[in-house]
Amino acid sequence: EIHNTDEYPAFKAAIANNGASTPTGCSAWFLASGYQWKQMANAVGGYNKLGLNSGNYWSSSEGSEPNAWKFFSTNGVWDNMDKDDNYRVRSCLAF
């Protein structure tokens with residue numbers, strides 16, 4: 001199920017990606033899971049090399065109700081936070 005309603009603003013923002021088009025041969029824009037973020041960070045040599053602004057970013061991994069997992073972009077520290085908290089969203093593509 002895709003959570004792109006106003007009830008899940010992080011999903012909605014990731015899918016919209018500020019109106020950016022999807023390159024040919026790629027998936028649609030999506031909000032990466034915790035595992036996917038870890039894989040991307042490992043591929044580039046750490047969270048601080050992902051090219052993200054300093055701050056907290058949501059993943060699509062749900063935690064205990066009503067929480068989801070977020071990480072801090074410079075050191076990859078993960079925390080299970082309330083979905084109502086205001087954190088950054090970064091869209092991803094699979095190719």
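Because the structure is a prediction, the values reported are computed rather than measured.
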4.5 Å side-chain heavy-atom contact, Trp58 and Asp85: yes
Flag side-chain contact, heavy atom, 4.5 Å: Arg90 against Leu52: yes
Least distance between heavy atoms, Ser54 atom then Arg88 atom: O-NH2, 3.6 Å
Pairwise distance CD(Gln36) to OG(Ser59) - rounded to 0.5 angstrom: 9.5 Å
Nearest-0.5 Å distance that lies between atom OH in Tyr57 and atom CZ in Phe72: 9.5 Å
Approximate separation, where rounding is to 0.5 Å, of Leu93 CG and Phe30 CZ: 7.0 Å
Atom of Cys92, atom of Met40 and distance for their closest heavy-atom approach: SG-CE, 3.7 Å
Same apolar cluster (I L V M F W Y, side chains within < 4.5 Å links), Trp69/Leu31: no
Check: Ser61 side chain, Gly34 main-chain N or O, donor-acceptor pair, under 3.5 Å: yes
From OG (Ser33) to CD (Glu62), nearest 0.5 Å: 12.0 Å
Near-ring test Phe71/Tyr47, centroid separation under 6.0 angstrom: yes
Closest non-hydrogen atom pair between Trp29 and Ser91, with its separation: CE3-CB, 3.4 Å
Neighbour count >12 (heavy atoms, 6.0 Å) for atom CG, Asn86: no
Value rounded to 0.5 Å, distance of CG in Asn56 from NZ in Lys70: 3.5 Å
Check: Ser73 side chain, Asn53 main-chain N or O, donor-acceptor pair, under 3.5 Å: yes
Non-hydrogen atoms of Thr74 and Asn48 that approach each other most closely: O-CB, 3.4 Å
Spacing of OG belonging to Ser64 relative to CG belonging to Asp82, to within rounding of 0.5 Å: 9.5 Å
Any donor-acceptor pair under 3.5 Å from Asp79 side chain to Met81 backbone: no
